[in-house]
There are 2 protein chains.
Amino acid sequence: MTGHLTDAVEDYLKTIYKLSCSRGRVGTGLIAETLGVTPASVTDMVQRLSGEDPPLLDYAKHQGVALTEGGRKAALETIRRHRLLELFLHQVLGYSWDQVHVEADRLEHVISEEFEERVAEVLGNPRRGLHGEPIPSPGLEMPDREDRYLLEMRPNQRGIVQEVNDDDPGLLRFLESQGIVPGAGFVVLDYSAYDDNLRLRLDGSEAEIVLGASITGQILVEIAEPQAGA
Amino acid sequence: MTGHLTDAVEDYLKTIYKLSCSRGRVGTGLIAETLGVTPASVTDMVQRLSGEDPPLLDYAKHQGVALTEGGRKAALETIRRHRLLELFLHQVLGYSWDQVHVEADRLEHVISEEFEERVAEVLGNPRRGLHGEPIPSPGLEMPDREDRYLLEMRPNQRGIVQEVNDDDPGLLRFLESQGIVPGAGFVVLDYSAYDDNLRLRLDGSEAEIVLGASITGQILVEIAEPQAGA
DNA sequence: ATCATATTTTAGGCTATTCTAATTTTTTGT
DNA sequence: ACAAAAAATTAGAATAGCCTAAAATATGAT
Ligand SMILES: [Mn+2]
Ligand SMILES: [Mn+2]
Ligand SMILES: [Mn+2]
Ligand SMILES: [Mn+2]
């Protein structure tokens, strides 16, 4: 019986899911930092979650944690709710794209299956969230993605913005003001090895935009290999 | 500083508000029964809430509790959110009127002021909830009401349904099927002193409906004193 | 290989909420 | 007025989360 998961547990699982996409196993320190709690609290929680009836985490002392299949499903369930809620808050209640995350982060733990289904239907069963995030299917399948960080791009490469990190409202407002939103096509003009700045131009715009690594590391893109004739 | 109130505290205040509308001070036993917890838990909670910086409750041992002005405001804030949410779930997400209460009872503790305001706006700043409940104004004013229980009515009196108790889904489905919804006018045909049954006929309907006291005690009505000439 | 640093875990505590069982207070019925 | 019954309170304990400070373990640099 997977009884009900508490808000805290859902947030831990969600966080571990996201962190283990890049790195493999995740250390308690990183989880603590991401969640804004102390490492001691994380150790405590991961020990509890790895000792459940069907464990949600795979944990060994000093080895970090990984999600079990059950933990992964629970994480994806919460992520689906979160992303549907963000879209809903924007499209139905008129929230701006920098406001939705905080509200969704609380609501995601409280809505019923029924609510989730009705929201999905009102939104037309979307596959992408407000910031370009893929939304897990109702059956909790998550598409594999080949997106790269804008950070990795170099001059003359073309790309299309796929997703932007949504947990910094200030950054989101800036990106929106610059037209850097999912779907926007662009070309990289210049790369500066000293500070990792990228200079780029959005399709259909004259203006050139210079972005530092702390921004380009938050943006996922699809890189279009440069056409032979150009 | 009234820091954030927990879900449990909000539910206690809401419950005490409703109970103290009929009776004056409320005993711990009644609160316990309504909330589905033990009397010991209630004693504990009311002692905490009456000992806060600005107390939310006025409590004296064995004397029951009453809300302070702060407690009343907090209760009305939660009640406003609850009733707006019920309407929203019905009108925007298509919930039926017997489904909304349970969902709203969880969401009411989690939505932000922003969410409340946007929902109110989408709904057109309604004054009445889905089951006829008055919705406290944004400034938390609650209209005085003179509604009576259907229970108290006698033959030949006419009335208009104002509000039905919404915490029993089965009853709500029954009432809807009979056309007993807020706004419905009716006349009382008969009263049986033995079992307190009432027989009545809804305006624009031929059918007669017989209701027992366990139902008529859940329905608030406005009684139209019988016109002189009829 | 060894020591210094960084990371992780343990130990001990705190708050909020609830429970059960025991006790106290109030109410009621004679 | 008094005992029995009902209601309320206290005492003691559990669970979930979180914290700080101390101890243990791992890493990595000479
Ligand atoms: Mn988000
Ligand atoms: Mn969350
Ligand atoms: Mn309700
Ligand atoms: Mn509630």
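Quantities reported herein were computed from a predicted structural model and do not represent experimental measurements. Lettering follows sequence order; numbering is per chain, from 1.
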Trainee: Taking the side chain from T68(A) and the backbone from P55(A), do they hold a donor-acceptor pair closer than 3.5 Å?
Mentor: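 Side chain of T68(A) to backbone of P55(A): a pair is present.
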Trainee: Is A8(B) touching bases, backbone alone, or none of the nucleic acid, heavy atoms closer than 4.0 Å?
Mentor: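 Since only primed, P, OP1 and OP2 atoms lie under 4.0 Å of A8(B), the category is sugar-phosphate.
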Trainee: Identify whether the distance between the nearest side-chain nitrogen and carboxylate oxygen of R80(B) and E116(B) falls below 4.0 Å.
Mentor: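 Looking at R80(B) and E116(B), the cut-off is met.
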Trainee: Figure out the CG/P separation between D7(A) and dA16(D), and round it to whole Å.
Mentor: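 Those two atoms, CG and P, are 14 Å apart.
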Trainee: Any salt bridge between E52(A) and R48(A), counting N to O under 4.0 Å?
Mentor: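 Salt bridge: no.
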Trainee: Starting at atom CG of L49(A), determine the distance to atom P of dC18(D), rounded to an integer number of angstrom.
Mentor: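 In whole Å, dC18(D) P lies 11 Å from L49(A) CG.
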Trainee: Find the distance Q47(A):CD to dA16(D):P and express it as a whole number of Å.
Mentor: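 For the pair Q47(A) CD and dA16(D) P, the rounded distance is 14 Å.
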Trainee: I need the single residue from K14(B), R83(B), R81(B) that forms a salt bridge (Lys or Arg N to Asp or Glu O under 4.0 Å) with D105(B). Which is it?
Mentor: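 With D105(B) as partner, salt bridge (Lys or Arg N to Asp or Glu O under 4.0 Å) holds for just one option, K14(B).
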Trainee: Hey, is the side chain of Y59(B) poking within less than 4.0 Å of OP1 or OP2 on dA8(D), counting only N and O atoms?
Mentor: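 So the side chain of Y59(B) is outside the cut-off, no N or O lying under 4.0 Å from OP1 or OP2 of dA8(D).
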Trainee: Using whole Å, what does the distance between atom C1' of nucleotide dC19(D) and atom CE of M45(A) come to?
Mentor: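 Roughly 14 Å, once rounded to whole Å.
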Trainee: Figure out the CD/C1' separation between E52(A) and dT15(D), and round it to whole Å.
Mentor: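 Spelled out: CD on E52(A) to C1' on dT15(D) is 12 Å.
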Trainee: Identify whether NZ of Lys or CZ of Arg in R199(B) sits under 6.0 Å from the centre of the six-membered ring of Y191(B) and within 45° of that ring's axis.
Mentor: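 No, R199(B) does not sit over the ring of Y191(B).
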Trainee: From CG of D44(B) over to C1' of dA8(D), roughly how many Å is that when rounded to an integer?
Mentor: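 Between C1' of dA8(D) and CG of D44(B): 13 Å.
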Trainee: Please report the interatomic distance OH(Y95(A)) to OG(S112(B)), rounded to the nearest 0.5 Å.
Mentor: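 Output value for this atom pair is 3.5 Å.
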Trainee: Return no unless some side-chain N or O of K61(B) is found under 4.0 Å from OP1 or OP2 of dT10(D).
Mentor: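 Answer yes for this pair, as a side-chain N or O of K61(B) is under 4.0 Å from OP1 or OP2.
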Trainee: Is the phosphate of dT15(C), meaning OP1 or OP2, less than 4.0 Å from a side-chain N or O of R48(B)?
Mentor: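 For dT15(C), OP1/OP2 do not have a side-chain N/O of R48(B) under 4.0 Å.
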Trainee: In whole angstrom, give the distance that lies between atom NE2 of H109(A) and atom P of dA16(D).
Mentor: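 Interatomic distance, NE2 of H109(A) to P of dA16(D): 17 Å.
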Trainee: Check every atom of dC18(D), dT9(C), dT18(C) against the side chain of Y12(B) and return the nucleotide holding the closest atom.
Mentor: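 Taking heavy atoms from C-beta onward, the closest nucleotide is dT18(C).
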Trainee: Would you mind telling me which of dC19(D), dT10(C), dA11(D) lies closest to the side-chain atoms of A40(B)?
Mentor: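 The answer is dA11(D).
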Trainee: Measure from the side chain of H62(A), starting at C-beta and using heavy atoms only, and say which of dT8(C), dT17(C), dT9(D) lies closest.
Mentor: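 The closest nucleotide is dT8(C).
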Trainee: Between S41(A) and A60(B), name the one whose nearest nucleotide on DNA chain D is closer to the 5' end.
Mentor: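 The residue mapped nearer the 5' terminus is A60(B).
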Trainee: Would you call E222(B) and R145(B) a salt bridge, using N to O less than 4.0 angstrom?
Mentor: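 Salt bridge flag = no for R145(B) with E222(B).
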Trainee: Looking at DNA chain C, which of residues 25-39 of chain A put a heavy atom within less than 4.0 Å of it?
Mentor: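 When residues 25-39 of chain A is checked for heavy atoms under 4.0 Å from DNA chain C, the hits, listed by number, are G27(A), T28(A), G29(A), P39(A).
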